[in-house]
Structures are given as C-alpha cells and as structure tokens.
Amino acid sequence: HFSLPLSIIQIVFLSGKSGMGAYALHRRMAGYQTEMLHHFQELLKIPSVRGEGIPGAPFGRKNREALDYVLRLSEQFGLTTVNLDGYLGYSEYGSGEEYVCSISHLDVVPPGEGWKHPPFGAWEENGVIYARGAGDNKPGSIAGLYALRCMKELGYEPKHKVRVIYGCAEETGMEDLEYYWKSQPLPIFGFTPDSDGYDIINAEKGRMEVCLKAYCTEKNPVVRIEGGLASNMVPTRVTAVFDRSCMTSEECCRMEMLRASQEIEWQEKDNQCVIEFRGVAAHAAMPETGHSAISEYARFACKVLGEHADQLTRFIDANIGFEWKAERLGIACEDKYMGPLTLSLGQIQGDGKTFCVIGDIRYPTSTNASAIQTKLGKISGEAGLELRVVSAIDGHCCTCEKEFDILRKVCLDKGRPEPRCRAISGGTYAKKFAGRLVAFGGCGDGVHAPDEFVEVQDFYDHMDIVAYALYRLSGGE
C-alpha cells in the first residue's frame with residue numbers, strides 16, 4: 001500500500017459526489033501496483049539515449065522502441081492513442097476540444113561510467129531500483145498512462161479531456177515539441193512530473209548552449225582530445241594525447257613533475273602520452289555539485305605548455321577554470337527568485353588543428369540570450385576564438401493561480417506539506433508551453449549521475465499523486 005495512508009475523514013472527503021471519486025481512483029491505482037512496477041522496469045531496460053535519426057525514428061531506434069512500448073500499452077488499455085511520426089506520442093481520455101495534460105520524456109542521457117549496477121538492467125535491491133531514467137523521467141509516463149486507464153475503467157467523465165504526452169527529445173533540445181506544435185493546440189493547463197519533489201516549479205532559467213572553437217596554424221603538442229557525453233552533463237572523463245616530439249625539454253620535464261605529484265592515468269606509446277583526466281558527474285543545472293574533467297585538463301595543459309597551449313585551452317584555464325558563476329567571463333548575474341547564472345562545460349574535442357568545447361549556460365530572467373552572446377562574443381573574440389550559439393531559449397514564468405490552488409490541494413489531500421512556488425535552473429518542457437505548464441512532482445535521485453535510482457515505495461506514491469493531480473485538474477471533485 002501507499003506509504004501515506006488516508007484517514008477516515010480523508011476517505012469520506014475524497015470519495016466525491018459521483019461514483020468515481022478520488023478514493024476510488026486511489027484504490028484502483030493501488031490495485032495495479034505490481035503491474036505498474038513491471039511495466040516501469042521493462043521501460044527502464046530500453047536504452048533510449050538519442051541515436052542517429054532514421055525515417056519514423058527521428059531520434060534513433062531505441063528512442064522509438066521506448067515510444068512504441070508505452071503506445072502499445074495505451075492501445076491495450078483502450079485509450080485514444082496517437083503517434084506523431086516517432087517524434088512523440090500521447091494517450092487521451094475524455095471528449096471535447098480543450099484538454100489538460102501531463103508530459104514526461106522517454107529519452108535519457110548517456111549512462112556514463114562508475115555504475116555499481118547495469119544502467120539499463122532495472123536492478124532491484126532492498127526496495128530500490130537502479131537504472132538510467134529511474135528518476136529522470138520514465139516514472140511520469142507510467143503514472144500518466146495508468147491514471148488514464150483507471151479513469152476509463154471507473155467510468156469517470158472529465159470536464160476537460162485528459163492527455164498524457166510522451167516526449168522523446170527533452171534532453172537534446174526539445175525538437176519533439178517543435179513538431180507537436182505544428183498540429184496540436186495548447187492545453188488549458190498541464191504539468192510535467194519532472195521535478196525533485198512536489199513544489200510548484202512555475203519559473204525556469206533560460207538555457208543557452210554555445211560552442212567555442214579555436215584553429216591552430218602551428219603544430220600543437222596536443223594531437224587529440226575528447227571528453228564528455230552530453231552538453232548538459234558535467235564530464236567525468238577527458239582523454240588527451242600529448243606528442244613529446246612537439247614539446248620542448250622543459251615542457252617534458254614539467255609534465256613528468258606533474259605526473260609525479262598528481263594521480264593521473266597515463267600511458268606512453270611511440271613518443272605519445274595518453275592521459276586520462278577525471279571529474280565528478282553532475283547535471284549542468286547544478287554544476288557546483290560536480291567537478292569538471294575539462295577544467296582539470298586545461299589546468300594541466302597550461303601548467304605544462306604555457307603559451308604553447310592552444311588558444312581554447314588557455315581561454316578555459318584563464319577565464320573559466322572551476323568557476324561555475326562565469327564571473328571572469330563577465331556574464332555573471334543573479335536575481336533573488338531564480339538565483340545566479342551558471343556555466344558548465346559539457347564536451348570537448350580536438351585533433352591538433354581544431355579544438356572546440358560545448359558550454360551550457362543557465363540564466364535568470366534579469367538577462368537574456370542576446371546580452372550574453374554579446375558579452376561572451378567580445379571576450380572570446382579578443383582571445384581569437386570563434387563563438388557559435390547552438391541553441392537558446394529564455395526563461396519563463398507561469399502565473400496560473402487557479403491551477404496552482406488545485407495542485408496545493410492535491411498535496412494537502414495526500415498528507416503532504418503545502419507546496420510553494422519556486423524557480424529552478426533545470427530546463428523542462430514547461431519552457432515550451434507559453435506559460436501554461438509547470439513542473440510538479442517527481443521521484444528518484446542521482447539524476448544524470450551513476451546509479452540513478454528510485455525507491456519502490458516512492459514510485460508507488462508518485463503514481464498515486466500524478467493520477468490525483470490529473471483527476472482534479474480535469475474537473476474531478
């Protein structure tokens with residue numbers, strides 16, 4: 001049973017005037033716990049990291065496999081089921097033109113290294129499930145799907161149609177929603193259960209992805225470098241190849257001295273040194289909780305090579321380092337509600353002639369992408385670097401107080417503290433809904449890190465709360 005048992009007073013209150021009250025929904029969801037958990041674990045076993053797009057699967061085969069899995073369940077449950085050409089899909093229950101919704105994403109970030117359990121094994125141990133996507137964000141899809149199933153089976157007639165959307169590219173630019181808006185209207189209101197709890201996340205920082213590139217005309221001692229799995233992850237590993245034949249005797253000596261004083265993975269072959277630099281993974285929205293392997297590399301290379309290092313490496317070491325507020329870059333800013341601008345370097349590549357790094361910038365509404373681009377372009381241009389903005393979307397704020405009151409009541413009815421409205425650095429689908437969507441609810445921990453997990457009891461509780469939230473938003477009493 002759910003860990004938050006309902007009192008007799010709550011049961012009477014939640015039963016509602018119709019045959020399908022909130023308590024009936026609660027009991028029906030509870031009856032499907034074993035089945036829900038099984039389908040959740042099967043979904044976790046699909047490694048739905050974005051892959052090469054093909055016809056019918058614009059974000060890769062495994063991504064499409066995850067979408068097909070939930071849509072098959074939707075059809076089996078007798079729900080209206082729509083596949084929008086592999087970009088995303090949805091289940092629906094009710095009638096009419098207007099709808100309320102939840103939206104979750106089936107895509108996940110790459111697992112990375114350091115896992116104690118197989119990242120796509122959905123391993124259960126002592127009441128905990130370990131897998132990439134266990135928290136971010138596969139529980140939401142199962143919760144919404146079963147909520148609709150139970151509403152249909154109980155004969156509930158919602159005032160507003162209820163739609164559960166399954167996204168496929170939240171982690172990589174939200175191209176799925178760009179496709180969605182070509183044919184679909186905005187909802188009355190909705191939520192994405194992609195948060196770290198049950199506060200109402202009604203404001204999000206803007207997000208800007210930038211590429212800094214350097215071109216080397218002289219032969220560079222670093223003949224190859226690569227690291228980072230995704231732009232929105234603090235990288236845990238960077239591999240750099242140093243060619244001793246391009247280095248002075250003093251530089252070789254400094255490299256040996258640093259090798260002796262630091263714990264560095266080092267291999268030598270044919271006058272080349274292959275060096276591994278290590279970091280600590282974290283979500284780019286919270287770079288202060290991680291440690292960048294890119295910055296480790298830049299510090300080492302500049303200590304060894306000095307002015308002989310390429311412009312990009314020198315720029316990273318001098319103007320970024322391990323600083324996550326971007327103060328030395330001149331783009332730092334902060335406001336009381338959203339907090340400070342943050343910067344994370346996610347990926348780096350180089351072949352001795354061209355070097356590039358991808359950065360993830362999260363910024364409050366006190367600034368915008370254009371202002372950041374102007375300032376960053378000036379300082380990077382003075383260093384001889386080329387700046388390209390890969391993507392940018394400014395922050396947002398939702399002010400749907402009537403619906404906020406409903407979500408507050410959902411939490412209170414379920415025995416939870418009254419939620420507060422707050423802002424986050426992370427980027428969810430809410431940015432793409434023109435002020436009609438908030439992030440609300442979530443379970444699991446270790447997002448974007450090794451051994452991401454969810455406690456089974458928290459998973460069950462989350463299923464119940466998401467179902468109740470959809471019921472109340474659709475007009476249920």
Side-chain angles (χ1 to χ4, degrees), residues 109 171-173 204-214 225 227-238 277 279-299 301-302 311-335 337-349 355-383 385-395 423-428 431 447-449:
V109 297
E171 299 286 5
T172 57
E204 295 181 7
K205 289 180 179 178
R207 183 189 176 198
M208 186 176 188
E209 188 175 307
V210 298
C211 174
L212 289 170
K213 185 176 288 187
I225 182 170
L229 296 171
S231 62
N232 61 350
M233 294 175 67
V234 176
T236 60
R237 180 194 291 263
V238 168
F277 299 91
V280 177
H283 195 296
M286 299 169 285
E288 69 276 15
T289 65
H291 186 79
S292 174
I294 293 175
S295 296
E296 282 287 353
Y297 152 75
R299 179 170 63 179
C302 287
Q311 308 101 296
L312 179 60
T313 300
R314 296 200 308 271
F315 183 84
I316 293 171
D317 188 55
N319 296 288
I320 300 173
F322 297 93
E323 192 178 272
W324 53 273
K325 290 187 178 181
E327 291 166 338
R328 281 182 280 171
L329 285 174
I331 59 173
C333 62
E334 186 168 354
D335 68 36
Y337 191 57
M338 288 192 168
L341 176 149
T342 63
L343 167 68
S344 171
L345 301 180
Q347 294 172 292
I348 190 169
Q349 278 192 325
F355 295 85
C356 65
V357 68
I358 303 292
D360 182 302
I361 302 170
R362 311 288 171 113
Y363 54 95
T365 52
S366 56
T367 188
N368 57 58
S370 178
I372 293 170
Q373 182 178 358
T374 298
K375 293 177 181 179
L376 191 55
K378 183 176 185 298
I379 190 172
S380 61
E382 290 171 351
L385 304 180
E386 175 184 292
L387 170 67
R388 179 172 64 90
V389 175
V390 179
S391 63
I393 179 169
D394 288 339
I424 60 169
S425 297
T428 72
K431 282 190 175 73
V447 172
H448 289 205

Please enumerate all residues that pass side-chain hydrogen bond (donor to acceptor under 3.5 Å, both in side chains) together with Glu323, with sequence neighbours excluded.
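So Glu323 forms a side-chain hydrogen bond (donor to acceptor under 3.5 Å, both in side chains) with Arg328.
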Crowded around Gln349 CD? As in, over 12 foreign heavy atoms under 6.0 Å?
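At most 12 heavy atoms, drawn from other residues, nucleotides or ligands, come within 6.0 Å of this atom.
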side-chain contact (heavy atoms from CB on, under 4.5 Å) partners for Ser231, two or more places apart:
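Ser231 satisfies side-chain contact (heavy atoms from CB on, under 4.5 Å) with Arg207, Glu209, Gln347, Ile358 once adjacent residues are dropped.
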side-chain contact (heavy atoms from CB on, under 4.5 Å) partners of Ala285, counting only residues at least two apart:
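Only His283, Arg362, Ser425 meet the side-chain contact (heavy atoms from CB on, under 4.5 Å) criterion with Ala285.
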Compare all side-chain heavy atoms of [X] with those of [Y] and state whether any distance is below 4.5 angstrom.
{"X": "Ile361", "Y": "Leu376", "value": "yes"}
{"X": "Leu229", "Y": "Val109", "value": "no"}
{"X": "Val238", "Y": "Ile348", "value": "yes"}
{"X": "Ile294", "Y": "Ile320", "value": "no"}
{"X": "Leu387", "Y": "Gln373", "value": "yes"}
{"X": "Val210", "Y": "Val390", "value": "no"}
{"X": "Ile379", "Y": "Phe315", "value": "yes"}
{"X": "Met208", "Y": "Val389", "value": "yes"}

[atom1]-[atom2] distance between [X] and [Y], expressed to the nearest 0.5 angstrom:
{"X": "Met286", "Y": "Ile424", "atom1": "CE", "atom2": "CD1", "result": "9.0 Å"}
{"X": "Leu312", "Y": "Cys356", "atom1": "CG", "atom2": "SG", "result": "8.0 Å"}
{"X": "Asn232", "Y": "Thr172", "atom1": "CG", "atom2": "OG1", "result": "9.0 Å"}
{"X": "Glu386", "Y": "Cys211", "atom1": "CD", "atom2": "SG", "result": "7.5 Å"}

When you check the side-chain N and O atoms of Tyr363 and Asp394, is any donor under 3.5 Å from an acceptor?
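A donor-acceptor contact under 3.5 Å links the two side chains.
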Check: Glu204/Thr428 side-chain N/O donor and acceptor closer than 3.5 Å:
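Distance-only check passes for Glu204 and Thr428.
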Taking every non-hydrogen atom, the tightest pair across [X] and [Y]:
{"X": "Asp335", "Y": "Ser366", "value": "OD2-N, 3.9 Å"}
{"X": "Ala449", "Y": "Ala281", "value": "CA-CB, 4.5 Å"}
{"X": "Leu329", "Y": "Asn319", "value": "CG-O, 3.6 Å"}
{"X": "Met338", "Y": "Ala423", "value": "CG-CB, 3.7 Å"}
{"X": "Gly279", "Y": "Ala293", "value": "N-CB, 3.7 Å"}
{"X": "Leu341", "Y": "Ile331", "value": "CD1-O, 3.3 Å"}

How would you list, by chain and number, every residue that makes a salt bridge (Lys or Arg N to Asp or Glu O under 4.0 Å) with Arg314, sequence neighbours excluded?
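Expected list: Glu307.
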Can you name the residues that form a salt bridge (Lys or Arg N to Asp or Glu O under 4.0 Å) with Lys378, not counting sequence neighbours?
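Salt bridge (Lys or Arg N to Asp or Glu O under 4.0 Å) check on Lys378 returns Glu382.
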Can you tell me which residue pairs pass the side chain to side chain donor-acceptor pair (under 3.5 Å) test with a partner in residues 289-299, sequence neighbours excluded?
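Listed by first then second residue: His291-Glu296, Glu296-Arg299, Tyr297-Thr313.
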Applying side-chain contact (heavy atoms from CB on, under 4.5 Å), run through Leu343 and Trp324 and close with a yes or a no.
CA-CA 5 Å; Leu343 167 68; Trp324 53 273; 5.8 Å; no
May I have the step-by-step check of side-chain contact (heavy atoms from CB on, under 4.5 Å) for Lys213 and Leu385, ending in yes or no?
CA-CA 6 Å; Lys213 185 176 288 187; Leu385 304 180; over 6 Å; no
Verify, without hydrogens or angle tests, whether Lys325 (side chain) and Cys333 (backbone) share a donor-acceptor contact under 3.5 angstrom.
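No; zero donor-acceptor contacts below 3.5 Å.
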Please check this pair: side chain of Lys431 against backbone of Lys205, looking for a donor-acceptor N/O pair closer than 3.5 Å.
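Indeed, once roles are kept as given, a pair shorter than 3.5 Å links the two residues.
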